[in-house]
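Within every chain, numbering begins at 1; the chains are lettered A, B, ... in the order of the sequence lines, protein sequences first and strands thereafter.
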Amino acid sequence: MAAEKKQPRADQGVYAISVVSDLVGVGEQTLRLYERRGLVEPERTEGGTRRYSRDDVDRLRRIGELVDDGVNLAGVGKVLALEADNASLQQKLKAAQKRAADR
DNA sequence: CTTCTGACA
DNA sequence: TGTCAGGA
């Protein structure tokens, strides 16, 4: 019959920790450490299983790139914070540009 | 699958 | 410091 999936129900782009570990090529325990460090915040299902969304997986892959570049977890967390702040600034900038263009 | 502790590079 | 490993 159809391939039975893991704990995650029929949702869109939701992966179990084992799948994410294979995707990012890192141990499962490491992914849990990343979450503990605040690098990623996956959702939890009723059973307590981590539900990594596609966005989370993409973020983990980016973390792997930074680590590969020689950035430690502390640095990665800082980069993530900077990127979040940068996104906020870009949003404001876009709104300001649109306002100026409209005027 | 989850969390914890231990050990190694 | 970060990752892997085994046990509960």
Is any side-chain heavy atom of A:Val14 closer than 4.5 Å to a side-chain heavy atom of A:Tyr52? no

Separation of B:dC1 atom C1' from A:Glu43 atom CD, nearest Å, is 17 Å

Which heavy atom of A:Gly27 sits nearest a heavy atom of A:Ser21, and at what distance? C-CB, 4.1 Å

Determine whether A:Pro42 and A:Arg51 make a side-chain contact, defined as any pair of heavy atoms from C-beta on separated by less than 4.5 Å. no

What string of B, S and - do you get for nucleotides 3-8 of chain C, 5' to 3', if B is base contact, S is sugar-phosphate-only contact and - is no contact with any protein heavy atom under 4.0 Å? BSBB--

Count the heavy atoms belonging to other residues, nucleotides or ligands that lie under 6.0 Å from CD of A:Glu43, then report whether that count exceeds 12. no

Are there any protein N/O atoms within less than 3.5 Å of an N/O atom in nucleotides 7-9 of chain B, and if so, which ones and at what distance?
none

Under 3.5 Å, side-chain donor or acceptor atoms of residues 58-78 of chain A against the rest of the protein: list the pairs with distances, not counting sequence neighbours.
{"unit_1": "A:Asp58", "atom_1": "OD2", "unit_2": "A:Arg62", "atom_2": "NH2", "d": "3.0"}
{"unit_1": "A:Arg59", "atom_1": "NH2", "unit_2": "A:Asp55", "atom_2": "OD2", "d": "3.3"}
{"unit_1": "A:Asn72", "atom_1": "OD1", "unit_2": "A:Gly75", "atom_2": "N", "d": "2.9"}

Which residues pass the side-chain hydrogen bond (donor to acceptor under 3.5 Å, both in side chains) test with A:Gln90, sequence neighbours left out? A:Asn86

Out of B:dT3, B:dC1, C:dG2, minimum distance to the side chain of A:Arg37 belongs to C:dG2

Contacts table for residues 93-103 of chain A: side-chain donor-acceptor under 3.5 angstrom, sequence neighbours left out:
none

How would you list, by chain and number, every residue that makes a side-chain hydrogen bond (donor to acceptor under 3.5 Å, both in side chains) with A:Ser53, sequence neighbours excluded? A:Asp56

Taking Watson-Crick (N1-N3 plus N6-O4 or O6-N4) and G-U wobble (N1-O2, O6-N3), each under 3.5 Å, can you produce the dot-bracket string of DNA chain C? Use [ ] for crossing pairs and | for inter-strand ones. ||||||.|

Is the distance from OP1 or OP2 of B:dT2 to the nearest side-chain N or O of A:Arg50 less than 4.0 Å? yes

Any residue meeting side-chain contact (heavy atoms from CB on, under 4.5 Å) with A:Arg44, in chain and number order, not counting sequence neighbours: A:Glu35, A:Arg50

What is the distance from atom CZ of A:Arg36 to atom CG of A:Leu39, rounded to the nearest 0.5 Å? 13.5 Å

Of all of residues 53-60 of chain A, which get a heavy atom below 4.0 angstrom from DNA chain B, listed by number? none

Minimum-distance nucleotide (side-chain atoms of A:Ala16 versus B:dT3, C:dT1, B:dC1): B:dC1

Can you tell me how far P of C:dG2 sits from CZ of A:Arg36, to the nearest Å? 13 Å

